[in-house]
Amino acid sequence: CLLLSAPPLQATPVKVLLSTTSLEPGETLRVEMDGLLPAGRVRALFMGKSYPFFPIGPNAHRALIGIRLDAKPGVYGLTFKALRYTRLPADALPTEPLMIEVAAKAFKTENINFTPEKTALIKSERREGVIIHRANRYLSRDQQWVGLFMYPVKGRVIGEFGLKRLHNGTVAAGFHKGIDLRAEKGMPVRAANSGTVVLASHFRAHGNTVMINHGQGVMTIYLHMSSLSVKLRQKVGKGEEIGKVGATGMATGPHVHFE
């Protein structure tokens, strides 16, 4: 019999497209690969982490890389690695790192004074954060969102993204990773886009919380609601009610924390 070696999955080099080569902490780098065949499984490596690519069209894939708020400024190399059992010729992927600049950014500091009752909830934050982080690790290859994302409520921003938070003037609470939107208690909170509910819980510190998986590593989370209107694993559409505005958990007034 005649044995033939299997041809490589990739006949020509892929084309890498970057949304930018200079970012600030808190921003997102979009990396697209054009010409990568569906069977080609590749990950992007950046700042010590590995990021998966997801299909966005015929032979087109995308990875989204979030820059940590505490990232140190500097120039970092973006590289690519084919996963095990993915047969690619040596020149299919860039052989030299693509250099990405992370610029310096100054963050404002904000202090929040809590009542003794709210202060007692601080000790629950870390434990609840572990549960939220675990839900945030669910990945699905299909894009569930459609078009632009919307705000969950109509209201002014009362807490900016990226603030350095202090509790009662002394306790460092890290960065504020979302925005706070003022709204009247009982107003509907709506899904920013379509997706699947991966968390619907009643927390002591975070209050009534919903997290939606929009696919391909994109999540949104909604905190401090007075009540929940959805359940775990429920499919929701863009603009669908997921709960009511409240001030549960460590909230000092009615609003939605959204990230």
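Given the structure is predicted, the values throughout are model-derived calculations rather than measurements.
- No side-chain donor from either of His206 and His257 sits under 3.5 Å from a side-chain acceptor of the other.
- The shortest non-hydrogen separation linking Gln216 to Arg141 is NE2-O, 3.0 Å.
- The minimum heavy-atom distance linking Ala247 with Pro254 is given by the pair CB-N, 3.8 Å.
- With contacts defined as side-chain heavy-atom distances shorter than 4.5 Å, the pair Asp180/His224 does not qualify.
- Between Met187 and Lys244 the shortest side-chain heavy-atom distance does not fall below 4.5 Å.
- With sequence neighbours excluded, the residues that form a salt bridge (Lys or Arg N to Asp or Glu O under 4.0 Å) with Glu110 are Arg165.
- With hydrogens and angles ignored, the 3.5 Å screen pairs no side-chain donor or acceptor of Lys118 with any backbone N or O of Thr252.
- The nearest pair of heavy atoms linking Ala104 to Pro73 is N-CB, 3.8 Å.
- Note that CE of Met219 is 5.0 Å distant from CG of Asn136, once rounded to the nearest 0.5 Å.
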Trace of the side chain to side chain donor-acceptor pair (under 3.5 Å) decision for Thr220 with Glu259: CA-CA 5 Å; Thr220 53; Glu259 60 180 270; over 6 Å; no
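- Asn59 places no side-chain N or O within donor-acceptor distance of the main-chain N or O of Gly35, the cut-off being under 3.5 Å.
- A donor-acceptor pair under 3.5 Å links the side-chain atoms of Asn213 to the main chain of Gly215, judged by distance alone.
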How far apart are the C-alpha atoms of Ile158 and Leu181, what are their side-chain angles, what is the distance that settles it, and do they pass the side-chain contact (heavy atoms from CB on, under 4.5 Å) test? CA-CA 6 Å; Ile158 58 172; Leu181 297 166; over 6 Å; no
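- When Leu69, Asp70, Thr109, Asn111 are each tested for a side chain to side chain contact (heavy atoms under 4.5 Å, CB included) with Lys164, only one passes: Thr109.
- Identified under the side-chain hydrogen bond (donor to acceptor under 3.5 Å, both in side chains) test for residues 42-57, with sequence neighbours left out: Arg43-Ser50.
- Residues Ser226 and Val245 are not in side-chain contact: their nearest non-hydrogen atoms beyond the backbone lie 4.5 Å or more apart.
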Phe46 and Ile67: side-chain contact (heavy atoms from CB on, under 4.5 Å), yes or no, with the steps? CA-CA 10 Å; Phe46 188 67; Ile67 308 301; 3.7 Å; yes
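- Of all non-hydrogen atoms in Gly162 and Phe175, the two that sit nearest each other are O-CD2, 3.6 Å.
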Take His214 and Phe149 through the test side-chain contact (heavy atoms from CB on, under 4.5 Å) and record every step on the way to the result. CA-CA 10 Å; His214 302 283; Phe149 282 66; 3.6 Å; yes
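- At a threshold of 4.0 Å, the pair Arg126-Glu128 does not count as salt-bridged, since none of the basic side-chain nitrogens sits closer than that to a carboxylate oxygen.
- Using a 4.5 Å cut-off on side-chain heavy atoms (C-beta onward), Ile212 and Tyr222 make contact.
- The side-chain hydrogen bond (donor to acceptor under 3.5 Å, both in side chains) pairs that include a residue from residues 183-195 number zero, where partners must be two or more places apart or lie in different chains.
- Counting only distance, with no hydrogens or angles, the side chain of Lys238 and the backbone of Leu148 share a donor-acceptor pair below 3.5 Å.
- Put simply, the side chain of Val102 does not reach to within 4.5 Å of the side chain of Lys72, judged on heavy atoms.
- Across Arg204 and Ala120, no two heavy atoms sit closer than the pair NH2-O, 4.4 Å.
- Between Tyr76 and Pro97, every side-chain heavy-atom pair lies at or beyond the 4.5 Å cut-off.
- No donor-acceptor distance shorter than 3.5 angstrom exists from the side chain of Thr248 to the backbone of Gly207, with no hydrogens or angles considered.
- Linking ILVMFWY side-chain heavy atoms closer than 4.5 Å, directly or via other members, places Met225 and Val236 in a single hydrophobic cluster.
- Asp34 has its side chain out of reach of Val14: every pair of non-hydrogen atoms, C-beta onward, lies at least 4.5 Å apart.
- A distance of 9.5 Å separates CZ in Phe53 from CD in Glu32, rounded to the nearest 0.5 Å.
- No donor-acceptor pair under 3.5 Å is formed between the side chain of Ser201 and the backbone N or O of Phe203.
- Leu98 meets the side-chain contact (heavy atoms from CB on, under 4.5 Å) test with Val16, Leu18, Leu78, Phe80; sequence neighbours excluded.
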Please walk me through it: do Phe161 and His176 pass ring-ring contact (aromatic ring centres under 6.0 Å, His included)? CA-CA 6 Å; Phe161 171 73; His176 189 229; 8.1 Å; no
Can you check side-chain contact (heavy atoms from CB on, under 4.5 Å) on Thr28 and Ile65, steps first, answer last? CA-CA 5 Å; Thr28 299; Ile65 299 176; 5.8 Å; no
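- Partners of Lys231 under the side-chain contact (heavy atoms from CB on, under 4.5 Å) rule, at least two apart in sequence or in another chain, are Gln234.
- For the pair His61/Val42, no side-chain contact is recorded, criterion being any heavy-atom separation below 4.5 Å from C-beta on.
- Pairing each heavy atom of Thr20 with each of Ile100, the nearest pair is O-CD1, 4.1 Å.
- In this structure Glu101 satisfies the salt bridge (Lys or Arg N to Asp or Glu O under 4.0 Å) test with no other residue, sequence neighbours excluded.
- Shown here is Met47, whose CE atom has more than 12 heavy atoms of other residues, nucleotides or ligands within 6.0 Å.
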